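Report on the structure given below.
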Amino acid sequence: MSSNFLFATWAGGGAVPPVLSVARALRERGHGVRVLADRSLHEEVAASGVEPIAWTTAPQGDVTDPVKDVIKDFEARTPLGEFARLRDRIVCGPAADYARDTLAELRARPADVLVAEHMLLGALTGGEAAGIPVASLATSLYPFPTPGAPPPGPWPRPRHGRAGAPA
């Protein structure tokens, strides 16, 4: 049985390739898939074989043009400043706009499941308000040690032999 999925993503943070990968895989399995995204991503979304839908009140960004980049983290002077920009310009600041757009799309064209990139708290809220199952797609590194996997972050690979033997 096929289902209809609505994905939600934004132009930034490396979220687009994983989101589109999952969306494409679902479409290839016969599901209906559309993606709420910044207009700057519509060509890439369509090239993945899924339907792009534009945000209407949420921020529209384009990371290929510094003037149109929503976060402009390159202007921050500290890591805390970068975090504040992300918080204020994507995660929390425009959350009501993302929620409004998501809920409007779900009311216009219902979906069985909403899959939102984890930074879009407003989109997740909109899906909850629509009363459908909601999945948060975390598109970042898993921050905890996992057996058989290299350590998280930019650390060197585990050593083997005497120097790398567990204590």
Side-chain angles (χ1 to χ4, degrees), residues 3-27 31-143 152-153:
S3 297
N4 288 307
F5 290 83
L6 176 63
F7 281 75
T9 193
W10 60 288
V16 177
V19 167
L20 293 182
S21 177
V22 174
R24 183 182 322 104
L26 287 168
R27 184 204 31 90
H31 299 287
V33 181
R34 61 192 194 274
V35 178
L36 266 169
D38 302 38
R39 286 182 193 92
S40 65
L41 298 174
H42 283 198
E43 189 174 308
E44 187 175 355
V45 171
S48 293
V50 297
E51 179 186 358
I53 307 294
W55 298 110
T56 55
T57 59
Q60 290 286 328
D62 183 350
V63 295
T64 65
D65 181 350
V67 173
K68 296 177 184 174
D69 185 4
V70 173
I71 299 175
K72 296 185 181 183
D73 55 348
F74 51 85
E75 292 179 353
R77 294 180 183 202
T78 66
L80 192 55
E82 290 178 26
F83 175 79
R85 285 172 175 269
L86 178 64
R87 178 197 64 211
D88 296 343
R89 298 178 182 193
I90 294 293
V91 180
C92 298
D97 294 330
Y98 283 113
R100 190 176 306 109
D101 289 356
T102 302
L103 188 55
E105 177 62 22
L106 289 168
R107 285 181 175 156
R109 296 174 54 204
D112 300 307
V113 178
L114 170 72
V115 181
E117 203 277 328
H118 75 288
M119 297 282 186
L120 299 181
L121 298 182
L124 293 163
T125 302
E128 289 285 335
I132 64 169
V134 173
S136 175
L137 183 57
T139 57
S140 61
L141 298 174
Y142 189 66

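Keep in mind that what you see is a predicted model, and the values were worked out from it rather than measured.
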Any chance you could lay out the side chain to side chain contact (heavy atoms under 4.5 Å, CB included) test for F7 and V22, step after step, and finish with the verdict? CA-CA 9 Å; F7 281 75; V22 174; 3.8 Å; yes

Between [atom1] on residue [X] and [atom2] on residue [Y], distance to nearest 0.5 Å:
| X | Y | atom1 | atom2 | answer |
| --- | --- | --- | --- | --- |
| D69 | T64 | CG | OG1 | 9.5 Å |
| L121 | Y98 | CG | OH | 11.0 Å |
| I71 | D88 | CD1 | CG | 10.5 Å |
| T9 | H118 | OG1 | NE2 | 10.5 Å |
| M119 | S136 | CE | OG | 10.0 Å |
| E128 | L114 | CD | CG | 9.0 Å |

Where [X] and [Y] come nearest, the two heavy atoms and their spacing:
| X | Y | value |
| --- | --- | --- |
| A15 | E117 | CB-CG, 3.2 Å |
| I90 | V70 | CD1-CG1, 4.0 Å |
| A54 | L36 | O-CD2, 3.8 Å |
| V50 | A23 | CG1-O, 4.0 Å |
| L106 | A130 | CD1-CB, 3.7 Å |
| V63 | A11 | CG1-O, 3.1 Å |

Donor-acceptor pair, distance only, cut-off 3.5 Å: does the side chain of [X] make one with the backbone of [Y]?
| X | Y | answer |
| --- | --- | --- |
| D65 | V67 | yes |
| R89 | P59 | no |
| Q60 | R39 | yes |
| D112 | N4 | yes |
| D101 | A58 | yes |
| D38 | G61 | yes |

Checking side chain to side chain contact (heavy atoms under 4.5 Å, CB included) for the pair W55/T102: CA distance, chi angles, key distance, verdict? CA-CA 8 Å; W55 298 110; T102 302; 3.6 Å; yes

For R109, look at atom CZ and say whether over 12 heavy atoms of other residues, nucleotides or ligands are found less than 6.0 Å away.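 Check passes, neighbour count above 12.
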
Evaluate the salt bridge (charged side-chain N to carboxylate O under 4.0 Å, His left out) criterion for residues D97 and R100: first the C-alpha distance (whole Å), next the side-chain angles of each, then the deciding distance (0.1 Å), finally the verdict. CA-CA 5 Å; D97 294 330; R100 190 176 306 109; 2.6 Å; yes

Heavy-atom side-chain proximity of V91 to L86 below 4.5 angstrom: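 They are in contact (side-chain heavy atoms under 4.5 Å apart), so the answer is yes.
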
Determine whether L20 and V45 make a side-chain contact, defined as any pair of heavy atoms from C-beta on separated by less than 4.5 Å.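 SC-SC contact between L20 and V45 confirmed.
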
